[in-house]
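This report concerns only the one structure given below.
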Amino acid sequence: MAARLKVYNADESYDDLFAPEPSVRVRLSDLLPIVEMAHRRNFTWLKDFLEDEVAISDDLYDVLQNFSRVRPGA
């Protein structure tokens with residue numbers, strides 16, 4: 001089978017060319033405890049994903065934005 005070539009577009013970054021498309025959907029209630037534990041225990045592998053983007057709903061984004069402005073101790 002012949003290899004498929006991709007023409008490089010100057011608008012794309014190197015990371016965009018090789019970043020896998022998201023293919024798994026996870027509930028936030030399943031994800032948060034795992035991420036929190038890895039963060040609290042300073043697992044090195046978590047740092048590998050700190051630049052990854054996560055898709056969230058518009059309403060969750062609005063709630064998080066408002067919370068970040070009014071949370072206690074901020």
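Numbers for residues simply follow the sequence, beginning at 1.
- Both Val54 and Tyr61 belong to a single network of hydrophobic side chains, linked directly or stepwise wherever heavy atoms of I, L, V, M, F, W or Y lie under 4.5 Å apart.
- Looking only at distances, a side-chain donor or acceptor of Asn66 sits under 3.5 Å from a matching main-chain atom of Asp62.
- Within a 6.0 Å radius of CZ in Arg40, other residues, nucleotides and ligands contribute more than 12 heavy atoms.
- Trp45 and Phe43 have tilted rings, their planes meeting at an angle from 30° to 60° on a 0 to 90° scale.
- Distance check: Arg69 CZ to Leu64 CG gives 11.0 Å after rounding to the nearest 0.5 Å.
- If you take CG on Leu28 and CG on Leu60, they are separated by 6.5 Å, rounding to the nearest 0.5 Å.
- Few gaps surround CD on Gln65; more than 12 heavy atoms of other groups in view lie less than 6.0 Å from it.
- The minimum heavy-atom distance between Val35 and Leu46, with the atom names listed, is O-CD2, 4.0 Å.
- Annotation: Glu53, atom CD; neighbour count of heavy atoms from other residues, nucleotides and ligands within 6.0 Å does not exceed 12.
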